[in-house]
Structures are given as structure tokens and as C-alpha cells.
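From a predicted model like this one, the values you see are computed outputs, not experimental measurements. Residue numbers begin at 1 in each chain, while the letters A, B, ... track the order of the sequences.
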Amino acid sequence: MNDQREFLKHRLQKLRDLRAAGINPFANTFKPRHTAHDVRTRMEGKTKEEIEGCTDVFSLAGRIMSLRDFGKSSFFHIQDRTGKVQAYIQKNKIGENRYALFKKIDIGDFIGVCGRAFLTHSGELTILVDDFTLLTKSLRPLPEKWHGLQDIETRYRQRYLDLIVNESVRATFQTRSQIIALVREFLVSRDFLEVETPMMQPIAGGAAAQPFITHHNALDMDLYLRIAPELYLKRLLVGGFERVFEINRNFRNEGISTQHNPEFTMLEFYCAYATYEDLMHLTEDMFCFLCRELFGSFSVTYQGTVLDFTPPWKRMTLKEAAAVYAEQQPSALDDPAHARAVASRYGVVLSGSESHGEVLTALFEATAERHLIQPTFITHYPVEVSPLARANEDDPTVTDRFELYVAGREIANAFSELTDPEDQRRRFVAQAEAKARLTGDPVVIDEDFLLALEHGMPPAAGEGIGIDRLVMLLTDAASIRDVILFPLFRAERS
RNA sequence: GAGUCGCUAGCUCAGACGGUAGAGCAACGGACUUUUAAUCCGUAGGUCCCGGGUUCGAGUCCCGGGCGACUCACCA
């Protein structure tokens, strides 16, 4: 008999013993009126005498995380959503029968307890148990109490164990929830309307990633999981919703890394009559709001580096940034042949068919990106790599677009939107033809979106912010899997 | 997709040179009424990721596979 089966056998025997004694080991009869946090805050700053003179009776429930048995009394810690609190149970206080029943309770079980607070000799605030109720009997062991759960694969595959034993993991996901709530609050306070647009789309538009494909049986129709909500949110601008946002999942059938999960959460928002420059200010305001609410400071330490979000943030054009980090004069990169030579020198692999703008973008990514640690807006993206962005009035080879870089990573992407349906059609066709040459896919144009544009979309600017990457920055997480509760994993084979 | 590294008890980890597989916690039995990584005595628990190979003998060496981590590639 192996250890695992023996453990289960013992717990199942206790289950039978409890039922034989008339106890439901999965009862739902206890209504906790307090939390561990309530107990702590109620007694905070009080002396031992004041605490023990206090007649408040607490009633709380949670999982038993540790248990120290002294024969006629026991100490245990209960963990609820707010944290842990210790409890103490004595045989001569609750009676022989109740205490015998308590002996059937194990680490991992859920229990409800009632009692007053006291301070132990070593000064720990503790509930002296008047009575208890078993709420759920656990049948499997918890990970080790001191080292917790370390195995990264088990932590992700059995995230519930990770959450039970690793307090910092709970904190990360609580912060994630808080960040999303704050983003919502920020946008709603600025009169943005939260909307939901299709996750299943007949044409996967709004970005250039590989989509997941699925099929609707009744309509006998292939559908794509969306790679971006962009084209639907713009339809809403056409419809007269001047300020809209959506926080939802995108799906991209690409590689997995510490920065990429196949499904990830994206914030996109669109604001009529705004420009990309307005959105730079809005982005600064949003981050400052988040920092103030979360930390009370514009300084955030990420992986040992202090990031300073005090506005205004640095701004550089893409060409300037590429020039600085490729040690060139910006004007020198205006010569396509020279730019190409420099890019090759920095390890960019070129086929020869790339446009000048694509070469500059590749050079920027190869040289500058990883150096952009402090918040930096990169502007003036070439028109060839920005199929949905409005061309700059003074220099039509670039667009009114920016990306925000922090800690060497792309966090946000925004631009003044293209509103001219004929220009949009030309860009779609050029993009689809380029893709068709590369992949052999048929040229597909989102005619329905163009029809919407032909009805007239107000001038607008839009932005996308990768929520997972934002949460990583603000929770000091090294991997995107640390901020996604259930990241995608290969199925285990039996 | 490529390279490097990892996989030993439920958990956290040791296991030189190839020679009967170990500890702590958790579990089980016992002692103990203010402990807190409780303590003390005792017991049990292993498909060493899987499959081949070399060898008298493989957790250890070789080959193949699985899963994971990291780096790179891909992701405008």
C-alpha cells in the first residue's frame, strides 16, 4: 500500500466514523459573522487584559492550516479569505465528547468556530473555542507547511493548492482584481461606456496574429476566436457611442513564453474627437491613478529596478530610438539602403522584400526595445506596420501612433484612427496581399467593417493595453503565468 | 520549432566513483492543557517520469520518448 492510498484510507475511515456519530462531514450549517481580519482589527492595540475582558464572541470559518495537539488541548490556525487566525480548544471547556469529535478533524478540513479572543503567553491573538462545526472533511494532504508548494508545474496545474499555501500568490491575484476594478473606475469616471463585442468572429481582424478556428454547427460556419476587438469597437463609434472600452480576452495561436499566453486579457478603449497625443496624457493619468491607489507612490520596483511613473514620460520617435541604440544619426536612417545595412549589422534577418518602414521597425525592435526601461512613448510608427492608424499630416510615411514601453516591454499601443474608408480599403488590400504572398492564404477583406466606415466614423483615437503585462509590472511578476490563474498547459498524458 | 537544464515518498529536498534508496514536514500509534517549523517515543510509506540499451549489477552511464523551466525563433 503506498503512502497516498494509505492517507486516503485513513481519511475515509474518519469520514465513516463521523457519519456513524451523526455528524455530516460536509455540512453547510454555519454562518460565519466575522473574518480573521475582523478579529485582528477589533483587538488591535488592546492590552492582554483589555482583550481578555472583552465579551465579543467571534464566529468565523475557514480551512485548518496547522494543528498542534497537546493531548487535552490543541492549537490550530484557521485560514479564511482575509488570512489566518489561531484558535485554541480545551477538553475541559468544550467537554469530553466534543473534544473526542475534534480529534477526528485534520489539517485541511474546513471548520467553523465560535469563541472569545485572548492572548497566549507568546502574545498571539487567539480564539478560545466555545464550540466548533466541521464543514468539510478534506481527503487529500496539503503541501508541506514550511516550504509550501514549489513545483512550478503543480502550482499552475493545481492552482488551488498554490492559492491555499502561498500567500503571495493570493495577494497577486487580489491585486490583479483591484487593478482591473481601478481601470474600470478610471474610464467610467471619464464617461467611457463598457461594452462587450464578439469573441467569435467570421473574420479575425484588428491585428495580424494567427487565430484559433472553430465551427458553428447550426450555421455550418467557420468562426475565429478574436485576436482583437478593434473593428467591432470602431463600429460602435460609427453607431454614436463616442467613448467605449472593453476588458476581455483575446486569443492568438502563437508561441507561449513568459510574456505570451494564448489567451490574454486586453483593454481597448476608443475616444471620439481625441488624438493619439490626447491618449498619451490619458495613459499617464491612468497609470498615475493606479500607482496612487495601489502604492501611494509613482515609484514601482519591478524585478529589482525602480520604475518611475511620474509624468510626463519620455517621448521618442521610432526612428530616433532606433538611431540612438544603433549608434546612428537619425537622418542617416532615411536612406533605405543604409538602414538595411545597419539592420543586418544588428542581426536583423531580411529577405529583401521589406519596405523601408518595416526595416526601421525591425531595427528598432532589435536595438532599442530592451533598453526602454523607464516609461517611454515611442511615436511615429511607419505606415506599413500600422494598417489601421491615421497617417501623419506632415509626413505621410509615418502614422499618428505610439507604443508605450516599460521594463523593455510593449505595454500599450495607440493611434489616431483611420477614418477614410477608401484609404482603409487600400491598406486592408495591401496587408492581405502581403500576407497572401507569404502564407498562401486567400485575400480576405472585412467588407462589413468597411461598410460601417462608409457610413462615417467620427475622428477618434484608440488604445490597447495588455492587462496581464500591466499586472506583471504592478505585482513584480516575472512570468505572465504568475498573473493568469489558469495558464494554458499541455494536457497530461496518462 | 531549436538549444540548455530539470523530473527521487503526498510536499520540500539529499543521494561521489555504477554496488540493498535517505532526511525533514505531512500520515499512523503513543505521551503531553498557552503551543506556534511545538517537543518526545515508535510505525508505515518508493513504477527513482516512461521505454529500450550497456553491465554480474543502473536512481546514477548511453539512446529514444513524455512533461516542465529558461533562452532563442514566432507573435506588425
Side-chain angles (χ1 to χ4, degrees), chain A residues 1-11 13-14 48 65-77 84 86-94 99 106-108 118-126 128 138-158 161 164-165 206-211 227-228 250-262 264 318 347 349 354-355 357-358 360-362 364-365 381-389 399 401 403 410 413 415 427 431 434-435 438 466 478-479 481 487 489-494:
Chain A
M1 170 113 43
N2 68 33
D3 185 43
Q4 183 79 319
R5 282 181 53 196
E6 195 174 353
F7 186 98
L8 193 58
K9 195 187 84 179
H10 284 127
R11 291 285 169 104
Q13 183 57 50
K14 284 182 180 173
K48 185 172 172 69
M65 297 300 291
S66 64
L67 179 56
R68 292 173 293 281
D69 176 7
F70 286 84
K72 295 187 181 66
S73 72
S74 299
F75 287 94
F76 53 99
H77 277 96
K84 290 190 188 89
Q86 183 170 253
Y88 183 49
I89 186 165
Q90 291 174 307
K91 184 177 184 174
N92 67 2
K93 182 166 175 67
I94 65 157
Y99 197 75
D106 294 297
I107 291 174
F118 75 104
L119 270 192
T120 65
H121 290 167
S122 52
E124 180 163 353
L125 185 61
T126 303
L128 182 58
S138 68
L139 303 177
R140 299 279 181 179
L142 289 181
E144 199 234 8
K145 63 184 172 186
W146 188 241
H147 299 91
L149 182 64
Q150 302 292 328
D151 182 76
I152 227 160
E153 193 175 345
T154 310
R155 284 186 45 217
Y156 296 143
R157 286 194 196 269
Q158 291 179 273
L161 291 177
I164 290 167
V165 301
Q210 287 296 311
I227 56 175
N250 287 348
F251 306 85
R252 296 188 182 178
N253 205 340
E254 308 279 358
I256 294 176
S257 79
T258 53
Q259 314 290 318
H260 300 85
N261 193 63
F264 62 100
L318 181 134
V349 179
E354 298 85 1
S355 67
E358 287 169 325
L360 285 179
T361 305
F364 163 78
E365 286 170 357
Y381 275 71
V383 68
E384 304 94 314
V385 298
S386 313
L388 297 158
T399 53
R401 172 181 173 191
E403 287 200 1
E410 177 194 342
N413 177 24
F415 36 86
R427 300 238 208 136
Q431 186 192 20
K435 190 182 169 207
L438 222 63
S479 169
R481 296 181 205 98
F489 266 77
R490 209 180 289 269
E492 286 179 291
R493 308 213 310 187
S494 53

Return the nearest nucleotide to the side chain of [X]; candidates are [options].
{"X": "A:F75", "options": "B:U35, B:U33, B:C67", "answer": "B:U35"}
{"X": "A:E254", "options": "B:G68, B:C75, B:C11", "answer": "B:C75"}
{"X": "A:K72", "options": "B:G68, B:A76, B:U33", "answer": "B:U33"}

With rounding to the closest Å, how many angstrom separate the [atom1] atoms on [N] and [M]?
{"N": "B:C40", "M": "B:G22", "atom1": "P", "value": "22 Å"}
{"N": "B:U60", "M": "B:A14", "atom1": "C1'", "value": "14 Å"}
{"N": "B:G57", "M": "B:G64", "atom1": "P", "value": "23 Å"}
{"N": "B:G46", "M": "B:U34", "atom1": "C1'", "value": "40 Å"}
{"N": "B:U12", "M": "B:U55", "atom1": "P", "value": "38 Å"}
{"N": "B:C49", "M": "B:U35", "atom1": "C1'", "value": "41 Å"}
{"N": "B:G59", "M": "B:A21", "atom1": "C1'", "value": "8 Å"}
{"N": "B:C61", "M": "B:G15", "atom1": "P", "value": "13 Å"}

Nucleotide opposite [N] in a Watson-Crick or G-U pair, distances under 3.5 Å:
{"N": "B:C72", "answer": "B:G1"}
{"N": "B:C56", "answer": "B:G19"}
{"N": "B:G64", "answer": "B:C50"}
{"N": "B:U34", "answer": "none"}
{"N": "B:G10", "answer": "B:C25"}

Answer with base, sugar-phosphate or nothing: what part of the nucleic acid does [X] contact at a heavy-atom distance below 4.0 Å?
{"X": "A:F118", "result": "base"}
{"X": "A:A207", "result": "base"}
{"X": "A:P382", "result": "nothing"}
{"X": "A:N253", "result": "nothing"}
{"X": "A:E358", "result": "nothing"}
{"X": "A:T258", "result": "sugar-phosphate"}

Specify the separation, in whole Å, of atom [atom1] of [X] and atom [atom2] of [N].
{"X": "A:E153", "N": "B:A69", "atom1": "CD", "atom2": "C1'", "value": "10 Å"}
{"X": "A:H77", "N": "B:U34", "atom1": "NE2", "atom2": "C1'", "value": "13 Å"}
{"X": "A:L119", "N": "B:U35", "atom1": "CG", "atom2": "P", "value": "13 Å"}
{"X": "A:L318", "N": "B:A76", "atom1": "CG", "atom2": "P", "value": "15 Å"}
{"X": "A:Y156", "N": "B:C67", "atom1": "OH", "atom2": "P", "value": "18 Å"}
{"X": "A:F76", "N": "B:U34", "atom1": "CZ", "atom2": "P", "value": "16 Å"}
{"X": "A:K9", "N": "B:U43", "atom1": "NZ", "atom2": "C1'", "value": "13 Å"}
{"X": "A:I256", "N": "B:C67", "atom1": "CD1", "atom2": "P", "value": "12 Å"}

Taking all heavy atoms of [X] and all of [Y], pick out the closest pair and write down the distance.
{"X": "A:V165", "Y": "A:P143", "result": "CG1-CD, 3.9 Å"}
{"X": "A:S386", "Y": "A:T399", "result": "OG-OG1, 3.4 Å"}
{"X": "A:G123", "Y": "A:L119", "result": "O-CD2, 3.4 Å"}
{"X": "A:L149", "Y": "A:R155", "result": "O-CD, 3.4 Å"}
{"X": "A:I227", "Y": "A:F251", "result": "CG2-O, 3.2 Å"}
{"X": "A:F7", "Y": "A:R140", "result": "CE2-C, 3.5 Å"}

Does the [N] base have a donor-acceptor partner in the side chain of [X] within less than 3.5 Å?
{"X": "A:E124", "N": "B:U34", "result": "no"}
{"X": "A:N92", "N": "B:U33", "result": "yes"}
{"X": "A:Q90", "N": "B:U33", "result": "yes"}

Would you kindly compare A:H121 and A:T154 by the position of their nearest RNA chain B nucleotide and give the one closer to the 5′ end?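 Nearest nucleotide further toward 5': that of A:T154.
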
Between A:D151 and A:Q86, name the one whose nearest nucleotide on RNA chain B is closer to the 5' end.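 Nearer the 5' end of the strand: A:D151.
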
Side-chain donor-acceptor pair under 3.5 Å between A:T361 and A:Y381, yes or no?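 On atom types as modelled, these side chains do not qualify, holding no pair under 3.5 Å.
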
Measuring to OP1 and OP2 of [N], would you say a side-chain N or O of [X] lies under 4.0 angstrom away?
{"X": "A:R252", "N": "B:C75", "answer": "no"}
{"X": "A:R157", "N": "B:G68", "answer": "yes"}
{"X": "A:R490", "N": "B:G68", "answer": "yes"}
{"X": "A:R481", "N": "B:C70", "answer": "yes"}

With sequence neighbours excluded, what pairs up with A:H260 under the side chain to side chain contact (heavy atoms under 4.5 Å, CB included) test?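 A:H260 satisfies side chain to side chain contact (heavy atoms under 4.5 Å, CB included) with A:S257, A:R469 once adjacent residues are dropped.
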
When you check every protein heavy atom under 4.0 Å of nucleotides 23-30 of chain B, what one-letter string (B, S, -) results, 5' to 3'? -BBBSS--

Does the ring of A:F70 lie flat against the base of B:C32, closer than 5.5 Å centre to centre with planes under 30°?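 Per 5.5 Å and 30° rule: no stacking.
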
Decide yes or no on side chain to side chain contact (heavy atoms under 4.5 Å, CB included) for A:E403 and A:L318, but give the supporting numbers first. CA-CA 9 Å; A:E403 287 200 1; A:L318 181 134; over 6 Å; no

What form does the base of B:A23 take, syn (within 90° of 0) or anti?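 Here the answer is anti: the torsion falls beyond 90° from 0.
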
Can you check B:C17 for me, syn or anti if syn means within 90° of 0?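 Syn, since the glycosidic angle lies within 90° of 0.
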
NZ on A:K84 to NE2 on A:H77, rounded to 0.5 Å: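 NZ of A:K84 is found 7.5 Å from NE2 of A:H77.
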
Do the ring planes of A:F489 and A:Y156 sit parallel (below 30°), tilted (30 to 60°) or perpendicular (above 60°)?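 Judged by the thresholds at 30° and 60°, the geometry between A:F489 and A:Y156 is tilted.
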
